[in-house]
Amino acid sequence: MKEQNKRLTIVHETNAYWRVVLNNPPLNMFDPWMFAELNALMNEVEKDENLKVIVFESANEDFFMDHHDVEHRTIVPDQEGAAPFFYEWPNFVTRLANSPVISIAKVRGRAWAQGFEFALACDMRFASKERAQFALIEVGGGTIPGGGGVEWLSALVGRSRALEIVLSADSYDADLAELYGFVNRSIPDAELDEFVDKFARRLASFEKRALTVSKKMVNARAGVPSQADLFTSNYILHSADLWPEGLKHFKRLSAAGFGKVGDFELNMGARIGDNVSSKNDVSEE
């Protein structure tokens, strides 16, 4: 069992503007403890009448948020906000998307799989031109994206590009992400912090009711995924984890370095397309 450490640090820049720093070294993986803290955060967000903007960022320059900590994914820790990922993640995403508070993902480093889906669930995304990378790697591992990636990408980039991103399991840098439309802006890394801070403070200076109602109006017209749609994908993922081909690929990916510090995690989009079985042959018995 992993030792429990805080995964989120909440910085109250003003009464109206918080920064939430994700920090789960060494790879900033999404795990049950991070999920619990995110749920507890939403409890605070929803009851704070002064809060208008939250910015999610990472303490790890290499990883904004990595994929699931698969080894511990089904654990429900004994702490505030704890909930099973399967069937409960759609509730969190729905709360975030419909929150009266504006959420911004400041992406520096890699957003793989669940990390990509978390960024997509935020209201806006600003990404480091030099350091941000995005990938839904699940199909390359014999399974499917079940955390909302399919729904958000279909709404943001359209059918054909959503299919390209999902089926290729490849990585996309900030410039291509901006071109495709799932990132608001690709910004030089040296300018990213100042840009997002100024943008967040600008929004925080406006009236909350104007921000909230405007967000509701955009949501109603933009094709925001329903909770039922998100639940369906989450349910399919739960089943896909037991597919024989997924279990086979998981052995191969684990042998290649999945979930471990090293080249495979840093270059997931490229490496998951390798012929892993020939380079790292693992018995399937």
Side-chain angles (χ1 to χ4, degrees), residues 1-2 7 24-35 60 62-77 83-90 93 109-120 133-151 153 162-172 230-285:
M1 182 75 66
K2 277 190 167 183
R7 273 50 166 171
N24 184 21
L27 298 174
N28 232 18
M29 283 197 286
F30 179 90
D31 66 12
W33 297 271
M34 183 178 285
F35 188 32
N60 186 331
D62 289 327
F63 291 91
F64 169 74
M65 183 191 287
D66 203 356
H67 54 74
H68 262 111
D69 180 350
V70 177
E71 181 183 355
H72 300 99
R73 181 158 66 179
T74 60
I75 291 172
V76 180
F85 171 77
F86 292 111
Y87 316 130
E88 291 298 328
W89 174 253
V93 174
R110 294 149 181 84
W112 296 155
Q114 181 66 27
F116 189 4
E117 291 175 314
F118 173 77
L120 288 169
Q133 292 282 334
F134 302 85
L136 290 180
I137 51 85
E138 289 88 345
V139 169
T143 182
I144 58 100
V150 169
E151 289 76 17
L153 285 174
L163 282 169
E164 176 192 342
I165 296 165
V166 171
L167 300 185
S168 71
D170 206 349
S171 60
Y172 293 76
L230 295 166
F231 179 87
T232 299
S233 288
N234 197 240
Y235 179 82
I236 294 171
L237 173 61
H238 194 20
S239 301
D241 274 356
L242 301 177
W243 290 351
E245 53 267 53
L247 296 172
K248 176 183 69 176
H249 277 283
F250 182 70
K251 289 183 180 180
R252 293 171 174 171
L253 296 178
S254 295
F258 183 81
K260 304 178 182 70
V261 175
D263 178 72
F264 189 84
E265 280 289 338
L266 289 171
N267 299 288
M268 183 84 72
R271 290 293 311 281
I272 206 165
D274 290 349
N275 185 356
V276 179
S277 61
S278 65
K279 296 181 179 180
N280 300 280
D281 193 24
V282 177
S283 173
E284 298 169 15
E285 296 301 322

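The structure displayed is predicted, hence computed values, not measured ones.
Partners of H68 under the ring-ring contact (aromatic ring centres under 6.0 Å, His included) rule, at least two apart in sequence or in another chain, are F30, F85. D241 meets the salt bridge (charged side-chain N to carboxylate O under 4.0 Å, His left out) test with R73; sequence neighbours excluded. Every side chain to side chain contact (heavy atoms under 4.5 Å, CB included) that A169 has, sequence neighbours left out, goes to I272. For V93, the side chain to side chain contact (heavy atoms under 4.5 Å, CB included) partners two or more places apart in sequence, or in a different chain, are W89, A121, W152, L230. Residues meeting the side-chain hydrogen bond (donor to acceptor under 3.5 Å, both in side chains) test with N60, sequence neighbours left out: none.
Remark: aromatic rings of F134 and Y172 are distant, center separation not under 6.0 Å.
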Apply side chain to side chain contact (heavy atoms under 4.5 Å, CB included) to M34 and Q114, showing your working. CA-CA 12 Å; M34 183 178 285; Q114 181 66 27; over 6 Å; no
Working for side chain to side chain contact (heavy atoms under 4.5 Å, CB included), residues R7 and D31: CA-CA 9 Å; R7 273 50 166 171; D31 66 12; 2.7 Å; yes
For the pair F35 and D69, evaluate side chain to side chain contact (heavy atoms under 4.5 Å, CB included) and give the outcome as yes or no after the intermediate values. CA-CA 11 Å; F35 188 32; D69 180 350; over 6 Å; no
Would you please test N28 and F64 for side chain to side chain contact (heavy atoms under 4.5 Å, CB included) and show each step? CA-CA 7 Å; N28 232 18; F64 169 74; 5.9 Å; no
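L237 contributes atom CG, which lies 10.0 Å from atom CG of L242 (distance to the nearest 0.5 angstrom). Here I137 contributes atom CD1 and W112 contributes atom CH2; the two are 9.5 Å apart, rounded to the nearest 0.5 Å.
Checking side-chain atoms of N234 against main-chain N and O of P90 turns up no donor-acceptor pair under 3.5 Å. Between the side chain of R110 and the backbone N or O of D62 there is at least one donor-acceptor pair closer than 3.5 Å. Side chain of E117 to backbone of G149: a donor-acceptor contact under 3.5 angstrom is found.
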Indicate every side-chain donor-acceptor pair of residues 253-270 with a distance under 3.5 Å to a residue at least two apart or in another chain.
| unit_1 | atom_1 | unit_2 | atom_2 | d |
| --- | --- | --- | --- | --- |
| S254 | OG | F250 | O | 2.8 |
| K260 | NZ | S254 | O | 3.1 |
| D263 | OD1 | N267 | ND2 | 2.7 |
| D263 | OD2 | R271 | NH1 | 2.8 |
| E265 | OE1 | H67 | NE2 | 3.3 |
| E265 | OE2 | H67 | NE2 | 2.6 |
| E265 | OE2 | G259 | N | 2.5 |
| N267 | ND2 | D263 | O | 3.2 |

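Taking each heavy atom of P84 and E88 in turn, the nearest pair found is O-CB, 2.8 Å.
The environment of Y87 atom OH is dense: over 12 non-hydrogen atoms of other residues, nucleotides or ligands sit within 6.0 angstrom.
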